[in-house]
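All of these numbers come straight from a predicted model, not from anything done at the bench.
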Amino acid sequence: MDANADTPAALHLAQDPEADALLSRSRLAALTGMLLDQQVPMEWAFKGPATIAHRMGTDDLDAHEIAAQDPEAFAALLSEKPAVHRYPGSMAKRIQQLCQYLVEHYDGDAEGIWRGVGTGAELLKRLQELPGFGKQKAQIFLALLGKQLGVTPKGWREAAGAYGEAESFRSVADITGPESLAKVRAHKQEMKAAAKAAKAAKPGGK
């Protein structure tokens with residue numbers, strides 16, 4: 001498949017049928033979930049897009065509509081209990097910045113990011129240009145596109161780094177259900193433990 005692939009996919013990142021259905025049909029929802037995936041459990045992050053859509057009175061996310069929201073009102077919408085994120089105010093701002101960028105550069109179409117892209121390196125560059133997307137987040141989303149959403153430009157695995165490796169369980173790109181979620185969570189815990197041990201081993205480390 002190439003970068004223009006539009007393969008129907010059933011994502012299971014939120015472990016919630018309604019939220020996962022939105023992630024599966026809306027690339028903006030998947031991007032927004034990826035943006036929210038920090039400092040909260042993965043399922044919480046990827047359930048966020050469906051919660052936002054529900055509170056906006058719609059069954060999908062629209063970049064133009066979100067970009068045009070009053071910032072304070074949008075922050076309040078994310079802050080309603082249960083909050084969309086541990087830091088709803090700052091994440092509301094980031095989501096609006098992402099949607100404003102999509103409107104400005106891709107006419108609000110998230111799929112425009114990879115439509116016509118020839119290489120994984122070019123796609124990674126485009127993802128890293130998105131507000132709120134550092135290299136690691138961009139590589140994980142690139143791996144998700146390649147592994148589960150049929151977006152496979154030349155060299156996508158290499159551009160995604162370790163996250164693009166087949167049969168790995170490093171990130172949300174590898175989650176297809178409860179079993180793989182448990183494997184990814186175990187990997188993350190191992191990485192945290194290793195980082196903590198390395199820090200403790202340094203002179204003066206605690």
Practice task
Answer with yes or no whether the hydrophobic clustering places V40 together with L36; edges join I, L, V, M, F, W, Y residues whose side-chain heavy atoms lie under 4.5 Å apart.
Solution key: no

Completion exercise
Between A92 and A75, the two heavy atoms sitting closest are CB-CA, 3.6 Å

Exercise for the section: Would you indicate whether the side-chain heavy atoms of K192 and K196 approach each other to under 4.5 Å? Expected result: no

Completion exercise
To the nearest 0.5 Å, atom CZ of R94 lies from atom CD of Q38 at 5.0 Å

Exercise for the section: Name all residues meeting the side-chain hydrogen bond (donor to acceptor under 3.5 Å, both in side chains) criterion together with Q100; count only those two or more places apart in sequence or in a different chain, and write none if there are none. Expected result: none

Practice task
For the residue pair W114 and F141, categorise the inter-ring angle as parallel (less than 30°), tilted (30 to 60°) or perpendicular (more than 60°).
Solution key: tilted

Handout entry: Greater than 12 external heavy atoms within 6.0 Å of E65's CD
Key = yes

Problem - Test item: L78 and I95 side chains (from C-beta on) under 4.5 Å apart, heavy atoms - result: yes

Practice task
Report yes or no: does R25 contribute a side-chain atom to a donor-acceptor pair with the main-chain N or O of D20 at less than 3.5 Å?
Solution key: no

Practice task
Could you walk me through whether R55 and V84 pass the side-chain contact (heavy atoms from CB on, under 4.5 Å) test, one step at a time?
Solution key: CA-CA 11 Å; R55 291 177 183 175; V84 169; 3.9 Å; yes

Handout entry: Cluster overlap L77 with W44, hydrophobic side-chain contacts below 4.5 Å
Key = no

Handout entry: Under 3.5 Å side-chain donor-acceptor pair for D174 and S180
Key = no

Handout entry: Interatomic distance, Q148 atom CD to L11 atom CG [nearest 0.5 angstrom]
Key = 5.5 Å

Fill in the blank from the handout: Rounded to the nearest 0.5 Å, the OG1 atom of T119 sits from the CG atom of L124 at a distance of 9.5 Å

Problem - Test item: side-chain donor near acceptor, Y163 and Q136, under 3.5 Å - result: yes

Practice task
I would like to know whether R27 and L149 meet side-chain contact (heavy atoms from CB on, under 4.5 Å); could you show each step before the answer?
Solution key: CA-CA 9 Å; R27 299 300 174 251; L149 297 176; 3.7 Å; yes

Practice task
Determine yes or no for a side-chain-to-main-chain donor-acceptor pair under 3.5 angstrom, with Q15 supplying the side chain and H12 the backbone.
Solution key: yes

Handout entry: Whether R86 side chain and A83 backbone form a donor-acceptor pair below 3.5 Å
Key = no

Fill in the blank from the handout: Result for salt bridge (Lys or Arg N to Asp or Glu O under 4.0 Å) between R185 and one of E43, E190, E179 points to E43

Problem - Polar side-chain atom of D37 near backbone of A45 as donor-acceptor pair, under 3.5 Å - result: no

Practice task
List the steps, then state whether salt bridge (Lys or Arg N to Asp or Glu O under 4.0 Å) holds for R170 with E165.
Solution key: CA-CA 9 Å; R170 297 176 183 273; E165 294 174 5; 3.5 Å; yes

Practice task
Take L181 and L13 through the test side-chain contact (heavy atoms from CB on, under 4.5 Å) and record every step on the way to the result.
Solution key: CA-CA 8 Å; L181 171 62; L13 306 179; over 6 Å; no

Practice task
Rounded to the nearest 0.5 Å, what's the gap from CG on L127 to CD on E122? Could you check?
Solution key: 11.0 Å

Practice task
Taking all non-hydrogen atoms of both residues into account, name the closest pair between G33 and P49 and its distance.
Solution key: N-CG, 3.7 Å

Problem - N/O donor-acceptor pair under 3.5 Å between D107 side chain and D109 backbone - result: no

Exercise for the section: Show your working on side-chain contact (heavy atoms from CB on, under 4.5 Å) between V184 and M42 and close with a plain yes or no. Expected result: CA-CA 10 Å; V184 170; M42 289 176 282; 4.1 Å; yes

Exercise for the section: To the nearest 0.5 angstrom, please state how far the CD atom of Q97 sits from the CE atom of M91. Expected result: 10.0 Å

Handout entry: K147 and S168 side chains, donor-acceptor separation under 3.5 Å
Key = yes

Problem - Atom of S26, atom of A29 and distance for their closest heavy-atom approach - result: OG-N, 3.0 Å

Problem - Hydrophobic cluster membership, L22 vs L31, 4.5 Å side-chain cutoff - result: no

Exercise for the section: Please answer whether the main-chain N or O of H54 pairs with a side-chain N or O of T58 as donor and acceptor at a distance below 3.5 Å. Expected result: no

Exercise for the section: Say whether Y106 and M34 are linked into one hydrophobic cluster, either directly or through other cluster members, by side-chain heavy-atom distances under 4.5 angstrom. Expected result: yes

Exercise for the section: Please examine the side chains of V151 and V117, heavy atoms only from C-beta on, and report whether any two atoms are closer than 4.5 Å. Expected result: no

Problem - Where P131 and L35 come nearest, the two heavy atoms and their spacing - result: O-CD1, 3.9 Å

Exercise for the section: Give a yes or no on this: more than 12 heavy atoms of other residues, nucleotides or ligands lie within 6.0 Å of atom NZ of K137. Expected result: yes

Exercise for the section: Determine whether P71 and Q96 make a side-chain contact, defined as any pair of heavy atoms from C-beta on separated by less than 4.5 Å. Expected result: yes

Problem - Distance in Å, L142 CG paired with L145 CG, rounded so as to fall on 0.5 Å steps - result: 6.5 Å

Fill in the blank from the handout: Between A63 and C99 the two heavy atoms that sit nearest each other are O-CB, 3.5 Å

Problem - Connected via hydrophobic side-chain network under 4.5 Å: V103 and L61 - result: no

Practice task
Measure the shortest side-chain to side-chain distance between F46 and L23 over non-hydrogen atoms and say whether it is less than 4.5 angstrom.
Solution key: yes

Handout entry: Q139 side chain to A159 backbone, donor-acceptor under 3.5 Å
Key = yes

Practice task
Would you check if Q69 and M56 make a side-chain contact, meaning some heavy-atom pair closer than 4.5 Å?
Solution key: yes

